There are 2 protein chains.
Amino acid sequence: MDIKLNVQGVLTDPKTETQVVLLRAEDGQEVLPIWVGAIEGGAIKFALEGILPARPMTHDLLKSMIDHLGFRVQKVIITEIKNNTYYALIYLESGGSLLSIDSRPSDAIALALRTHVPIYTTDEVLKQKAGDSLDTWLERLNPKDFGDKNV
Amino acid sequence: MDIKLNVQGVLTDPKTETQVVLLRAEDGQEVLPIWVGAIEGGAIKFALEGILPARPMTHDLLKSMIDHLGFRVQKVIITEIKNNTYYALIYLESGGSLLSIDSRPSDAIALALRTHVPIYTTDEVLKQKAGDSLDTWLERLNPKDFGDKNV
């Protein structure tokens, strides 16, 4: 069954520039952490904070291209974890036809936030999530690492 | 008149992490330097070196999406410089129709290299190029900052 996720925020580890996006199940307390690169984390933060850059960033270009080509993003799904790598699909529709495109979750989330479509995952992914690693990682952070929109 | 450009390489300033993409006019000696972010520079380097990452990076996703939606990249043009900001257009075609999409040059170049389409600019842009700034910047670099594929 697909579980709807809300983006809670993006945390930064200032020592390593690693970022983690926290997604929380809409109907529960489970949190799915996804480690992303600094730029992808930034692209997600920009969307969360409603920042519109003067020039289109790469994910704004992605959205603009989908619009121009007559398609609409319908939803994104974080589909599986294999060897600690997360996989996602972006669903696009146009005139009744639906297609899905392989993506990293970071790109899928950055696009979902810009197009205001839901983000889903599955029970299996939530069960596999690396909760312990997140706890260890969170313990290393200071409160100041948590931005405005973060949990 | 449109002038065809070849990507000569990407230089990195290790102090600031700024990168500059060097484009050389195919029929001349003129070089157009374009300053880009570290990630966009990386996306261009990956394409120059033919590196295929295990998971699609953002520009690979952009290419994949265009393919899936039945379009083809035809060319990209670096169209103008305003207030030290460079502008580009990505031209897409499908079944005889052609459309252009506003883009930063870095995204346009990263996409052009992945889709093997030509990169153009205009006489005006080449004339306006910040040649002096490039020389100053180059003087600060050491030979080791120049990678394999760089000039």
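Since this is a predicted model, take the numbers as computed values, not measurements. Chain naming here is simple, since letters A, B, ... match the order of the sequence lines and numbering starts at 1 in each.
- At a threshold of 4.5 Å between side-chain heavy atoms, the hydrophobic network of Ile, Leu, Val, Met, Phe, Trp and Tyr places A/V7 and A/Y120 in two separate groups.
- B/V73 is not connected to B/Y91 by any chain of hydrophobic side-chain contacts under 4.5 Å among Ile, Leu, Val, Met, Phe, Trp and Tyr, and they are in different clusters.
- Applying a 4.5 Å heavy-atom cutoff, the residues of residues 102-111 of chain B that approach chain A are B/D102, B/S103, B/R104, B/D107, B/L111.
- Using a 4.5 Å cut-off between heavy atoms, B/S94 makes no contact with chain A at all.
- Neither the backbone nor the side chain of A/S97 comes within contact range of chain B; no heavy atom of the residue lies under 4.5 Å from a heavy atom of that chain.
- By the criterion of side-chain heavy atoms lying less than 4.5 angstrom apart, applied directly or through intervening Ile, Leu, Val, Met, Phe, Trp or Tyr residues, A/F46 is not grouped with B/L61; the two fall into different hydrophobic clusters.
- Under the 4.5 Å side-chain contact rule for hydrophobic residues, B/Y86 and B/V10 share a cluster.
- For the pair A/M65 and B/I90, the minimum side-chain heavy-atom distance is below 4.5 Å.
- Between chain B and the options A/L69, A/L62, A/I66, heavy-atom pairs under 4.5 Å are most frequent for A/L69.
- Proximity to chain B (any heavy atom under 4.5 Å) is restricted, for A/L99, to the side chain, taken from C-beta onward.
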Report task. Would you check, one step at a time, whether the test side chain to side chain contact (heavy atoms under 4.5 Å, CB included) holds for A/T58 with B/I39? Result -> CA-CA 10 Å; A/T58 310; B/I39 290 290; over 6 Å; no
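- Separating the OG1 atom in A/T85 from the CZ atom in B/R55 is a distance of 7.5 Å, to the nearest 0.5 Å.
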